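Worth saying up front: this structure is predicted, and the values here are computed from it rather than measured.
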Amino acid sequence: MCSYLSQDIDLRVVQHYVNPEDQTVVKEHVDCLEAGRKLPSYVLEDSELTELCVRARGDEDWSRDVRLERKEKERGSSSVVQVPCSSGSLLYVWCTLITMETDSHMQQRVVVFSPLFMMRSHLPDPVIIHTEKRSLGQRESQLIQGQGHQEQLLNTENDLTHHLTFQASEDEGASHCAVPISTAVIKQIVNSNQAGLEDSQEHILADFYGLKNNSQPPWPYVSKDTDRPGSEVLAQWDSPMQVKLSVWRPGLNTLLVELIPWALLTNHSTWDLWLFEGETIVLQIPAGKTLVPPNFKEAFQLGIYWSNTNTVHKSTALKLVHDLTSPRWKEGVSPEVLTLDEEGYVEAEIPLGRSPGRQKVCQFCVSSVVRHGIQIIQIEDRTILVNNTPYFLSYRALLSDQALGTTDQACPLPDTAVFSLAPAGQKSPFRPVSVACWDLLRKDGEIPQFPLPTRHMMFSCLPTTDPGPVAGSESWSLPAPIRPDFPRQSVAVPGEICSSSGLSTRALVMTYHEHLGITYVTLNEDPCPHMVIHNQTPLSMLLRENVKEPPRTEVYCRPLPANSSLHHGLYHHFSSFPDCRQREALPTMLLKISPNPNVAPANPNVAPANPNVAPGSSLQPGDLRTSPEWSDPIDINCPGTQVVFLAGFGCLYIDVVHQGGTVILTLAPEGSVDSVMRLHNRTSNRKLAFRVLLSEASVSLSDDITSRSGSVELLRLTVSKLLLNLCPARLGDSGMGLVTAGMGEACLVEVHCANLQVDNQLYNRASFHFPVLLCQEQSVELPLWTSDANPTTSLQALEEFKASCFLQLGLTLDREGYSVDQLTFHIKPARLYLEDTFVYYIKTLFHTYIPDSALAPSPGPNPSEYYGGPLVPVTVLRSIPALVHPLRLQRLVIQPVSVLVSIHASLKLYIASDHTPLSFSLFDRGPLCTTARQLIHALTMHYAAGALFRAGWVVGSLDLLGSPASLVRSIGNGVADFFRLPYEGLTRGPGAFVSGVSRGTTSFVKHISKGTLTSITNLATSLARNMDRLSLDEEHYTRQEEWRRQLPESLGDGLRQGLSRLGISLLGAIAGIVDQPMQNFQRGSEMQSSAGSKAKGVISGVGKGIVGIFTKPIGGAAELVSQTGYGILHGAGLWQLPKQLYLPADQKSAPRPQQSRQIRLEVVSFSTASRTTLHPTAGLALRLSRFGSGRSGRPDGSGSGFLQHGQQNHPASHCWFGSETKQVWKMLQSLGRPEVHMSLEVVIVSGSGQEHAGCLLLTGEVVFVVSLSEDTQQQAFPITEVVCQQDPHHLGALTLTLQQQRLTNDVESDSGREWLSEQQYSRLVDYVTRASAFLSPSASSLQQAPPITPAEPPPAVTKTYRYLVNPAHASVFVSKFTMVKNKALRIGFH
């Protein structure tokens, strides 16, 4: 029970039901339904609800029974209910019944009470509505609040026409035109909007059961967000008001009456404005008010009354443009008139004053949007200032079309107005402030031109306007241009005057954002100033930047007061931000003494400049009044001490230090240079150095949510032989090309990795093509770390190890160790395997790893909403941190990268490109001061250009074309080896030359053969896959894909598999004509479809069968060629995919709820068997997985797929006696009642080198080899004919050698003789030989019988099978196997 009414009502629900004693019980439920609320649900049967009555709260009389009946095939019904009131009148409300889930046996019904009519006024002020009931001769009035508020229209009746008139105030008259409304109008509107009923039900439930959030901005419906809704249609522009009738809520019959003005005009500026139409004053708009303007017939102007001139100053004329009445291409529009579209903005300016030098300019942004059919016009100040610093700031706003100063002199301080900015405290956030007006700087008699020139701002932190000893421009910052091409500028704001250290500045960052015509200027503390200058001399000087290229704005000289410490921002930095340029040197700097003789030293105790002149100079007091010359250029790129000659002073010592991206300049006279140098060149004696070696580290990404049966491993990153080295960066130490001279006590961090591989752990679970995603191009056998060749103890072994590493990463930290100065990255040639189906599968699971709070963060309130003032858009607030805290690097180097890329796209059509060579050039940038977004953009463009230049190789490597690029590359490599190897052997001697000719010829033939076979095989494979897709038989396609995973190991296997699949394709083509229609017919019968749907399915099946007649045989023939080619390539060892390092560990877990989603990082230690003589360095395995609230692990509760510490391991091998054995093995049923001695999980290694999970099942008679991935028995060996041994060279390998006797001829094979095994035959020979010694032969036997000699056993067939297991479990299995075999051979006591 839900209510949209504005008053409380009482509900009475009468329930009739039969109790267990077969007695009829009548029960009444009386509850109060509050306004805008809902009641707890009633659980009733349809037959139990017999009466529902309503009454007003506090009354005694109930209404009639509300009939809750629903017509067939309708999900909702409505009726009008008369509710008696104490005043004697009747309240008419709608009662709507909505049935949820009509197709299910459990239905939920929602009863909604809503008023007949709702009134909504978009006017800024309240309005009086007169409701006339002309048939009854009654008239009633009601006050409706404006600004988008909704109110229920009172005293309305059903089936009666009401006439509405509107009155703005009691002093004014009512409208002449009346608007008729009735329930008949409601029915017409509702019947025309029946679509979307299901969505309306969801909206109604969301109003009462969902969160109370209003996504729509408040009146006047304009927000600063960029995600604006689509353009709306303007309701009218030639009439002042419109009344709109519409459905209030979808699914309800309530009629909404809206009072819509043609436009709303809002003044968000700081000025009281006047509107002029020609010379006529149309309207006055106070600051912060919203009014309904009259319909503009002509262009209008904005005006400001300025008391200084006692005049109203006007702006340029503005004209509203409507697409229907005034197209944009209409001729005859004056260029002095600005056109404003329905959705757009323009900039308007009003000059104040006429006297030169005292003129001010007000800049506004006039924007227009259409919301709810209303054209909303906003007038805002164009520039918004935001002070994010804890300092109280003063600022000057300047407009000038010329330079504010000369390049040789300090910038003079203009006589302009000073405004203040309040600081942003810790508890109180910032408060945006509008720039009310700008001071226009122009020469006398010069005519101002519009649009006005560049905006500048000057800032100061000094508490008083008269700073005392520091006067003029030195008490203010340099003018900062407000331009879109300078988004970030470092501003040095004078902030403190100390008697001992002189003037000091505060480093601030001024950022620029422009959003919908409004400029937002924010001020923050600079976390990384570019330059700090310490002037330790008693003279005031000027510092000028020697700009290389013509500047885009004026570059001002920096005044350096005596004994001061200042910050400085270079034009070189803020003009290139955020571009990622090539390595570029900083500009040089120039110095000279300030020519102003009236500037006194900041320290009053210091004598005038003359006594401090260097000895031997000829400086006279009058020389300061002339313009001194600039010094020689000062190179700030090279840290160290430099000496320059300063005209009028003498020798000046300049110390340059680079620290964390900041250039520190210290200017000192000759006498105090030693103490200053010692102060600024102090180094710390603390040094940290360590070296960490990891034999192996593994990180796995698992899915513990999707599969309830257990944890599914998705990806595994394995790093072999990882070295982490941290040491001080010495001067001149090349290292990895990072350290440069003058870096001081920086810290060098190196990460070296011998091998890195990313495995697709779903390869054995799904039909993916690649078991490995990323690996090294040439697999290198890693040498063992022994005591003689150990990188931790031998520097030579360390350097050799670094040179042979696959991946190298180097970082140089600054002196403080908090930030990265330089970074370099190097990777050797690699292979990359991508598959679209795998990428899409991982993408679907990616969101489950992110917490819900991160996916839908609750945006914090805008600080300006609490303290008033203009609003700052969310996009501006989000972009400020990226500009204030940029990404700073002295150098970023990524060495050239070579990758062999294999891409398979098989979602729509199978398109593959195998082993496409891509080469990317060197990426070298620095010094960098940019945003992360810009750096990513630069990297993307660099590598996209490299890939674009290799587009020809990508197209040429397509399998559909036969991979001609791969063929050409193979032939080229073969020809190169054919000539290169003999030439190299010729330089070493005749023997080497002959060997080179032999190896060159072999390589030539090998590459030619490999390229030709690979091209033909890839073409056939691509054709077969596409034909299978075009057959439109999903079962046939799935079966073929599963079979393709079983790659042939030899030419015979390839022919056998190819012929069998060709035969099956031919049979499928013939049987498909009958099978496909039958399947569609059976599917239609199961779904209980109509006869027409069944017939359509049969016809569709016939069409699929006809298509399969042509596509399946072609696909089968191509598959024959493909399998034969793969068999030849695999048999000759010419083509192999990289193998997984570790198979996924099956980690079973108990059922658990899916609500808890976390990230788990497990660290498990293990050691490799090959490292027995090395010092105790344990390997490291990390597993990253998602899991719920239950534990994840093995059935024994250990919680990990790895063996515990102290065991020799193979991470994918487990030895659980009987725990992993199925209760009923299919292959054991044929043995009667066998005795299972042991079950061992192994990795089965095929002849071609492929690996997949398996299990060895040891019984008393047979050894079964079971494939766990396919759940099938692969082999069965009699226990007496197989030999099980552990490889002495590799303890983790187990070999099974099968020895069978071969029949010598067909006669023997056809006879019924039972041949003995080799062991049985040896025992028989031994028995006969020994037993014959105890016989007493007769004379005849001695003459006739030849001596007894054992016969040669028939030739045996020997075949060896190899398995990878845990070394500890391998020895146990061998012992158990020996015991069971001896028992079968009856050797020993059993």
Side-chain angles (χ1 to χ4, degrees), residues 694 696-720 722 751 753-777 779 806-807 809 827 830-851 899-907 1045 1137-1149 1157-1164 1166 1179-1188 1192-1193 1199-1202 1209-1213 1243 1250-1253 1268-1269:
L694 295 178
E696 193 170 76
S698 180
V699 180
S700 65
L701 189 69
S702 299
D703 176 14
D704 290 356
I705 293 181
T706 305
S707 176
R708 284 184 170 271
S709 60
S711 176
V712 178
E713 196 171 339
L714 305 178
L715 291 172
R716 179 181 290 271
L717 169 65
T718 304
V719 179
S720 301
L722 183 67
V751 179
C753 169
N755 189 20
L756 181 143
Q757 184 167 317
V758 180
D759 294 336
N760 174 14
Q761 299 298 83
L762 295 175
Y763 178 72
N764 293 325
R765 293 178 176 268
S767 299
F768 294 120
H769 300 169
F770 301 125
V772 176
L773 303 181
L774 178 65
C775 66
Q776 196 170 355
E777 180 178 352
S779 58
F806 169 64
L807 184 143
L809 176 66
I827 185 172
R831 293 187 180 189
L832 181 63
Y833 298 91
L834 296 177
E835 188 178 354
D836 58 347
T837 54
F838 180 78
V839 173
Y840 285 129
Y841 178 75
I842 295 297
K843 184 179 178 181
T844 56
L845 296 179
F846 181 75
H847 71 280
T848 60
Y849 291 92
I850 304 176
V899 186
L900 285 179
V901 182
S902 298
I903 300 177
H904 285 188
S906 54
L907 285 181
R1045 295 170 57 84
L1137 284 175
K1139 297 173 290 186
Q1140 295 168 293
L1141 293 179
Y1142 297 108
L1143 289 178
D1146 294 332
Q1147 299 168 4
K1148 305 297 180 181
S1149 59
R1157 299 188 176 186
Q1158 309 174 21
I1159 296 294
R1160 178 174 65 237
L1161 184 66
E1162 295 184 359
V1163 181
V1164 184
F1166 62 90
L1180 187 65
L1182 307 178
R1183 191 170 72 88
L1184 180 66
S1185 62
R1186 302 173 296 155
F1187 64 101
S1192 175
S1200 174
F1202 299 98
N1209 91 305
H1210 189 289
S1213 300
V1243 178
Q1250 292 184 342
E1251 300 178 0
H1252 56 277
L1268 296 181
S1269 59

Any side-chain heavy atom of [X] sitting closer than 4.5 Å to one from [Y]?
| X | Y | answer |
| --- | --- | --- |
| Glu777 | Leu900 | yes |
| Ser711 | Asp704 | yes |
| Pro771 | Tyr833 | no |
| Leu714 | Leu762 | yes |

Item checked: Contacts of type side-chain contact (heavy atoms from CB on, under 4.5 Å), residue Tyr840, not counting sequence neighbours -> Asp836, Leu907
Test item: side-chain donor near acceptor, [X] and [Y], under 3.5 Å:
| X | Y | answer |
| --- | --- | --- |
| Asn755 | Gln757 | no |
| Ser902 | Arg831 | no |
| Tyr1142 | Glu713 | no |

Next item on the list: Take Gln1140 and Glu1251, measure what side chain to side chain donor-acceptor pair (under 3.5 Å) needs, and give me the verdict at the end.
Entry: CA-CA 8 Å; Gln1140 295 168 293; Glu1251 300 178 0; over 6 Å; no
Margin query: Under the rule for ring pair (Phe, Tyr, Trp, His ring centres under 6.0 Å), what residues qualify as partners of His1252, not counting sequence neighbours?
Written below: none
Next item on the list: Not counting sequence neighbours, which residues clear ring pair (Phe, Tyr, Trp, His ring centres under 6.0 Å) with Phe838? List them please.
Entry: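 Per chain and number, Phe838 pairs via ring pair (Phe, Tyr, Trp, His ring centres under 6.0 Å) with Phe768.
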Between [X] and [Y], is there a donor-acceptor pair closer than 3.5 Å when you use the side chain of the first and the backbone of the second?
| X | Y | result |
| --- | --- | --- |
| Glu835 | His769 | yes |
| Gln776 | Leu756 | no |
| Asp759 | Val772 | no |

Next item on the list: Supply the atom-to-atom distance Ser698 OG to Leu717 CG, rounded to the nearest 0.5 angstrom.
Entry: 7.0 Å
Item checked: Smallest separation among heavy atoms of Leu774 and Ala830, with atom names -> CD1-CB, 4.2 Å
Check: For the residue pair Leu832 and Val899, what are the closest heavy atoms and their distance?
Finding: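 Taking every non-hydrogen atom into account, CB-CG1, 3.8 Å.
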Checklist line | Reference residue Cys753; test side chain to side chain contact (heavy atoms under 4.5 Å, CB included); the match among Leu807, Leu694, Leu809 | finding: Leu807
Note to self: For a side-chain contact (heavy atoms from CB on, under 4.5 Å) check, start with the C-alpha distance between Phe770 and His904, then their side-chain angles and the critical distance, and finish with the verdict.
What the structure shows: CA-CA 9 Å; Phe770 301 125; His904 285 188; 3.4 Å; yes
Next item on the list: Please step through side-chain contact (heavy atoms from CB on, under 4.5 Å) for the pair Leu845 and Asp703, ending with a clear verdict.
Entry: CA-CA 8 Å; Leu845 296 179; Asp703 176 14; 4.0 Å; yes
